Amino acid sequence: MVKEKVLVIGASGQIGVELTLALRRIYGNANVVASDLREENQLLKGTGPYVSMDVMNKEMLHVQVIRQGITQIYLLAAILSATGEKNPNLAWHLNMQSLLNVLDIAREEKIHKVYWPSSIAVFGPTSPKNDCPQRTIIEPTTVYGISKYAGEFWCNYYFQRYGVDVRSLRYPGLISYKSAPGGGTTDYAVEIYHEALEEKQYTCFLKEDTYLPMMYMPDAIRATIELMESPVEKVSVRTSYNLSALSFSPKEIAAEIKTHIPEFSISYAPDYRQQIADSWPASIDDSVARSDWGWKPEFDLARMTKDMLDNLK
Ligand code: NAD
Ligand code: AKB
């Protein structure tokens, strides 16, 4: 078996912490190098190597890849949808240049595999609202969505032209308790659990009937690892796979929380994020991921809510 050495870029973020820990369980602690611009997340401390690094510094990234003998790269550094609308130039610059830096180095150093996440944010108001298919009209209206859409085609280009084995998932909104979300439109579905336990009240920045595609983090981590471990002939999509688990509204998640915390109440004060949410599908058809490499989610809203509240308590 080839010995793999993995680099995770953006390891201190919402996905990065849990993905790094999962990869360390598979490849061994010493073989997964965590890196980020910000300081090492508390949960990562003492579990394996950490390098402080700006992915925009291509030279430094290249040196690290050679010095550490890296064979796989997971690129998670990005600016998400809500923060992106506040600084569109920065979001475009970081989201695009980080990917191009990684793809170039992967090509040059013959990196075995690259992982780069896309998002349901690639879809726009002209895409089908329900069960949005893998291949459909894609006209994103946020800078984040535009950067994900362009990124998907760069991944496809590097695969077709240079043979870089880059794989990608269009994650829905991710819900987790270990590390905080980083400026997305779906973040309300994490905040609501914290506020329900601490304040018994939550003011939601989306309207009560805003349905969005969502997923619990353990499912997202498993999907990522299953895709990355699939034999190459099973990976037919080289832009990014639709991935689905849940679709619910603020009203529905609040009702589920109330079954555990009866005194919990929710109110609504929609802000600029409503427009972003309204531009996205309510649910996603992930049948291609299911048939290509056997994807199947495990958590529904009830099971996720129980697990979130048990762990946050
Ligand atoms: P996050 O914001 O929580 O984490 C991103 C990490 O990248 C942060 O720790 C940040 O410090 C780091 N970073 C930022 N700029 C950097 C730089 N120049 N150099 C090195 N590190 C830098 O984001 P996340 O939620 O963990 O998302 C990870 C990826 O998954 C992103 O590409 C995001 O678009 C995608 N995604 C996330 C979700 C979700 O719900 N969390 C959904 C769809 C797609
Ligand atoms: C966001 O809301 O920006 C992210 C995403 C769906 O990509 N959670």
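The model shown is predicted, which means the values in this text are computed figures rather than measured ones. All ligand and atom numbering here is 1-based and tracks the order in the structure.
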Check: Taking atom 7 (O) of ligand 2 as the point of reference, which of S119, G173, P181, G145 owns the nearest heavy atom?
Finding: S119
Item checked: Nearest-neighbour protein heavy atom for atom 31 (C) of ligand 1, which is reported as residue plus atom name and distance -> L76 O, 3.4 Å
Notebook entry, point to check: What's the shortest distance from atom 4 (C) of ligand 2 to any protein heavy atom, and which residue and atom give it?
Noted result: L80 CD2, 3.8 Å
Next item on the list: Please write down residue, atom name and distance for the protein heavy atom closest to atom 2 (O) of ligand 2.
Entry: T185 N, 2.7 Å
Check: Are W293 and Y241 near enough that their ring centres are under 6.0 Å apart?
Finding: yes
Next item on the list: May I ask you to identify, for Y144, whether its side chain, its backbone, both or neither come under 4.0 Å of ligand 1 on a heavy-atom basis?
Entry: side chain
Next item on the list: Identify the two heavy atoms, one from T47 and one from L43, that lie closest to each other, and give their separation to 0.1 Å.
Entry: CG2-O, 3.7 Å
Next item on the list: Give the residue and atom name of whichever protein heavy atom lies nearest to atom 12 (C) of ligand 1, and the separation in Å to one decimal.
Entry: D36 OD1, 3.3 Å
Check: Numbering the atoms of ligand 1 from 1, which are under 4.0 Å from a heavy atom of G182?
Finding: 2 (O), 3 (O)
Margin query: Heavy atoms only, cut-off 4.0 Å: how does S118 contact ligand 1, side chain, backbone, both, or neither?
Written below: backbone
Next item on the list: Using a strict 4.0 Å cut-off to heavy atoms of D54, name the atoms of ligand 1 that fall inside it.
Entry: 17 (C), 18 (N), 19 (N)
Notebook entry, point to check: Closer than 4.0 angstrom: is that true for some heavy atom of G184 and an atom of ligand 1?
Noted result: no
Next item on the list: Establish, for the pair R161 and Y157, whether the NZ or CZ atom is under 6.0 angstrom from the six-membered ring centre and no further than 45 degrees off its axis.
Entry: no
Next item on the list: Between M53 and ligand 1, find which residue part has any heavy-atom pair under 4.0 Å and reply side chain, backbone, both or neither.
Entry: backbone
Check: Is ligand 1 under 4.0 Å from a heavy atom in the side chain of P172, in the backbone, in both, or in neither?
Finding: backbone
Note to self: I need the contact type for I120 against ligand 1. Using non-hydrogen atoms and a strict under-4.0 Å cut-off, is it side chain, backbone, both or neither?
What the structure shows: neither
